[in-house]
Amino acid sequence: MKIDVYKRQEEEHKNHWFFEGKKNIIFSILKKHIFKNDLKILDFGCGVGINTKMLSSFGHVTCFDQSPEAIKYLKKKFNNNKKILIKDSLENSNELFDLIIASEVLEHLENDKEEIKKLCSLLKPNGFFLATVPAYKFLFSMKDIKLQHKRRYNILNFRNLIFPFFYKIKLSYYNFFLFPPIALGIIFCKLFKIDFIDRVERKPYNLLNYLFYQIFKFESFFLNKINYPFGISIIFLGKKK
């Protein structure tokens, strides 16, 4: 991603309903299925480290991102945290991980299947892989272009992509309850060619931000019991084959 995206995320992600809500969903999925707190974790494509501190509650986290700007920020942000290590390369590494997280990463990659294969090779036997990706091709918009997304997924094509490498533990859409207003907003902006990325990634007014967060947080309770039939995004947790 471009440097202005990292700067915006750095400024806006704290207490933003979407980032905090997604973090809560990832935490709840991991907490239900993974019972250890001494894991070796790779936060792959971690950006500005939105999920990293939360992940450190499950063990020691290695952060990796291809952006030099992100790496600089991460080294400054986690300089004194002994549970978090920053790496600017994974090439020629013999280190294997218990858990790899790729949150909002695969949609950026030209060859997502090849990257998943590489990530699978970095996992220990029976290691876990968690990914989140944006859903539905018809929602591909100016925001996706600005974020340099190559695609959006649906459950069927994501299943076909991921299942050769992992046994499924959890596969579901999420951001279900807020799907109608978000989807309608995206379609409206597409029809009228409105560039809306600054608006959606900037934290809204406190009351609206609180309301959206509570709805999103409430969703995580049901997500551990059911799979949602649709949503703005997809979440997957699996175990290495």
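Remark: Tyr210 OH is loosely packed, at most 12 non-hydrogen atoms of other residues, nucleotides or ligands lying under 6.0 Å away. The number of heavy-atom neighbours closer than 6.0 Å to NZ of Lys117, taken from other residues, nucleotides and ligands shown, is 12 or below. For Ile226, the CD1 atom is densely surrounded, since the number of other residues' heavy atoms within 6.0 Å is greater than 12. Atom NZ of Lys53 has 12 or fewer heavy atoms from other residues, nucleotides or ligands within 6.0 Å. Within a 6.0 Å radius of NZ in Lys72, no more than 12 heavy atoms belonging to other residues, nucleotides or ligands are found.
For Phe192 and Phe188, the gap between ring centers is short of 6.0 Å. No close placement of the Tyr228 and Tyr174 rings is indicated, their centers lying 6.0 Å or farther apart. Ring centroids of Tyr136 and Tyr173 are separated by less than 6.0 Å, placing the two rings close together. Under the 6.0 Å cut-off for aromatic ring centres, Phe218 and Phe222 qualify, their centroids lying closer than that. Between Trp17 and Tyr213, the distance separating the two ring centers is not shorter than 6.0 angstrom.
Look at Asp112 and Arg151 and you find a salt bridge, because one of the NZ, NE, NH1 or NH2 atoms lies within 4.0 Å of a carboxylate O, short of that distance. Ion pair Lys40/Asp98 not flagged as a salt bridge, since none of the NZ, NE, NH1 or NH2 atoms sits closer than 4.0 Å to an Asp/Glu carboxylate oxygen. Remark: Lys14 does not engage Glu20 in a salt bridge, criterion side-chain N to carboxylate O under 4.0 Å. A salt bridge between Glu107 and Lys150 is absent, with no side-chain N of the basic residue lying under 4.0 Å from a carboxylate O of the acidic one.
Geometrically, Lys87 does not engage Phe64 in a cation-pi contact defined by less than 6.0 Å to the ring centre and at most 45° from the axis. For the pair Lys75 and Phe78, the cation-pi test (distance below 6.0 Å, angle within 45°) is failed.
Scored by the side-chain contact (heavy atoms from CB on, under 4.5 Å) test, Ser57 finds Phe27 as partners (sequence neighbours excluded).
Between the side chains of Ser233 and Thr132, no donor-acceptor pair of N or O atoms lies under 3.5 Å. Side-chain N/O atoms of Glu91 and Ser89 include no donor and acceptor closer than 3.5 Å. Between Lys170 and Asn227, the side chains place a donor N or O and an acceptor N or O closer than 3.5 Å (distance only, hydrogens not considered).
Taking the six-membered ring where the residue is Trp, Phe18 and Phe216 present parallel rings, their angle staying beneath 30° rather than reaching 60°.
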